[in-house]
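A short write-up of the structure that comes next.
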Amino acid sequence: MKNQWTNYYTGYVKVKAYGKGAERLINMLTRRGLHIWEVKRVSEALIFHMDIRDIPKLRQVMRKSDCKVKFMQGKGFPFLMKRVMKNSGFLAGMIAFLLCIFVLSNMVWGIEVQDAKPATEHAIRKELDKMGVKIGKVQFFVDDVDTIQRKLSDRIGALTWVGVELKGTTYHFRVVEKRQPKEVEKTSPQNLVASKKAIIADMFVEKGQSIVNVNDYVGKGQLLVSGLIGKEDKQEIVSAKGVIKGKTWYKAKVEVPLKTKFSVFNGDETSKHFLKMGGFSLPVWGFKDPGYEKQEKETTVRPFHFLQWELPISYKQVTLRSKEDIVRSYTEKEAVEEGRKMAKAELKKHLNEEDEIVEEKILHESMENGKVKLSIHYQVIEDIAIGQPIIQGD
C-alpha cells in the first residue's frame, strides 16, 4: 500500500460509483494498476478513494462501464491550497498581522533607569540616544547589552557601575554612582609629620606652629607643623593644617626591545548573517569567504521575540576582522626616548595631579639581548605632610 502521506501531498478524491456494474468498475480499475483504498458499500453505491492523478484513467474505464460516478470530496494539499487561494485576502491579512506583531515584539518600547540622580539619568539617556538606543528602534540594529554597558561606563564619569538588562522590549538600567565623600573637617588635635624623606621646597601653614624651614632635610615621620601653639605657660592644642611641599626622589627601571612583533587590525572586515535554531545555523547573507590569512571572529546572538515569549529561533551575526602581524623597530636612540616616556607615564600613575616632576636623569643605560635597559632617577615636588593625632596627657 502506498504511503498515505504521499497521497496527501499529491491529492486524492472521494468517489461514489452507483448503478449497474459498480463492482465491475472497481475490478477494472484494479486490473489497470490504479491505487484504490477504503472501498465501502453504502446502500446501492460503492464509495472509494483514489489519486487525483488517476482521474483521466477513471474516465477511460467509465466509457466501458454501465455505472456512473460522482466526485464527493477532494482532499490533500492541492485542494487545501485551492481553498486558501479562495480566501487569500484573509490569509494575507493574518500574515500581515502576525508579521506586524513580530516586528513590534522586537523593537525597543521602554527604557528604565533605576537608582540614578536626575542629572545622571539625563546624561545616560543622552548617551543612549547617541548610541541609537531609543524607543521605536529595532533591537537588531542596536548594540548588545555588554557593548552598551561598556560604552556607558567609559563615557560617563559619574558611574561606578551600570547594569544593563533587556527584558522583552524594555531596557533596564541599574546604576551605582560614584560617591564623592565630603571632606570631614578634622576637629581632633593633630600634628603634621613627613610621609617620606624630602627637602622642604615650600610651606603654607594655615594652622599650627611651623617646626621646619625651607631647604631643611626631613626624614619620614619627622614633625613639620606642631599642633601646640602659644607660649609654654599657656599653650593651646589645635588641629594643625597646611601644605608642605618637599623635594622627593624616585628611581625607575625600564626595558625596551628594539624589535617588537604584534598583531593589529588592518581595517578590513566582513559580516555573515545566520538564522540560529538550537545548534544549527542557517546562513542567510554573506556566504563568501573573505580569505583573510589571520582574523578575529566576533559572534553576536539575539533571540527573536513574539509578544513576551522568546522564540526558539535567533539571529546570529558573525563579524570577521582581518589582522596582520607587524614588526615595530626602534633605533637605540628611539628606544631610549620611548623608555623615558614609559617610565614617566608609570610614575605619574602613583602621583597626585598637583605633584610635579622637576628633574629627570638617566643613571644607567645598557644594551642586552636586543633590549635597551634604563635606570632613571626622578626628583618630584609633592605634598609630604600627613596628620598625626595628638594624644592629650602624654
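Although no hydrogens or angles enter the test, the distance criterion places a donor-acceptor pair under 3.5 Å between the side chain of S195 and the main chain of I384. Between the side chain of N369 and the backbone N or O of K371, no donor-acceptor pair lies under 3.5 Å. Checked by atom type and distance alone, the side chain of K207 never pairs as donor or acceptor with a backbone atom of K241 at under 3.5 Å. Under the 3.5 Å distance criterion, the side-chain polar atoms of Q379 are left unmatched by any main-chain donor or acceptor of W249. The main-chain N or O of V264 is never found under 3.5 Å from a side-chain atom of E324 such that the two would form a donor-acceptor pair. Side chain of D51 to backbone of R53: no donor-acceptor contact under 3.5 angstrom is found. A side-chain donor-acceptor contact under 3.5 Å links T248 to the backbone of V380. N191 places no side-chain N or O within 3.5 Å of a backbone atom of S226 that could act as its donor or acceptor partner. At least one donor-acceptor pair closer than 3.5 Å links the side chain of K276 to the backbone N or O of G278.
Residue-environment remark: CZ (F71) exceeds the threshold of 12 foreign heavy atoms within 6.0 Å. Around CD of Q114, the count of heavy atoms belonging to other residues, nucleotides or ligands within 6.0 Å exceeds 12. Remark: M367 CE is packed, more than 12 non-hydrogen atoms of other residues, nucleotides or ligands lying under 6.0 Å away. With a 6.0 Å radius and a threshold of 12 heavy atoms from other residues, nucleotides or ligands, R155 has its CZ atom above the threshold. Open room surrounds NZ on K197; 12 or fewer heavy atoms of other groups in view lie less than 6.0 Å from it. K245 NZ: more than 12 foreign heavy atoms inside a 6.0 Å radius. The 12-atom threshold is not exceeded at CZ of F141, counting heavy atoms of other residues, nucleotides or ligands nearer than 6.0 Å. For K316, the NZ atom counts as densely surrounded, since its 6.0 Å shell holds more than 12 non-hydrogen atoms of other residues, nucleotides or ligands.
The aromatic rings of F304 and F102 sit tilted, their planes meeting at an angle between 30° and 60°.
Note on I244: it does not cluster hydrophobically with I211, by side-chain heavy-atom contacts below 4.5 Å among ILVMFWY residues. Criterion: ILVMFWY side-chain heavy atoms under 4.5 Å apart, direct or through other members. Under it, I381 and V205 are not part of a common hydrophobic cluster.
The minimum heavy-atom distance linking Y171 with V108 is given by the pair CE1-CG2, 3.6 Å. In this structure, Y217 and Q222 approach most closely via the heavy-atom pair O-OE1, 4.0 Å.
The stretch residues 104-132 participates, sequence neighbours left out, in no ring pair (Phe, Tyr, Trp, His ring centres under 6.0 Å) pair at all.
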Review point. Hey, mind stepping through L25 and V69 against side-chain contact (heavy atoms from CB on, under 4.5 Å) and telling me if it holds?
Key: CA-CA 10 Å; L25 175 66; V69 297; 3.8 Å; yes
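Listed by chain and residue number, F79, L80 satisfy the side-chain contact (heavy atoms from CB on, under 4.5 Å) test with R83 (two or more places apart in sequence, or in another chain).
Contact check on R125 versus E121 returns a salt bridge, with a Lys/Arg side-chain nitrogen under 4.0 Å from an Asp/Glu carboxylate oxygen.
Exactly one residue among E298, E296, Q295 makes a side chain to side chain donor-acceptor pair (under 3.5 Å) with R321. That residue is E298.
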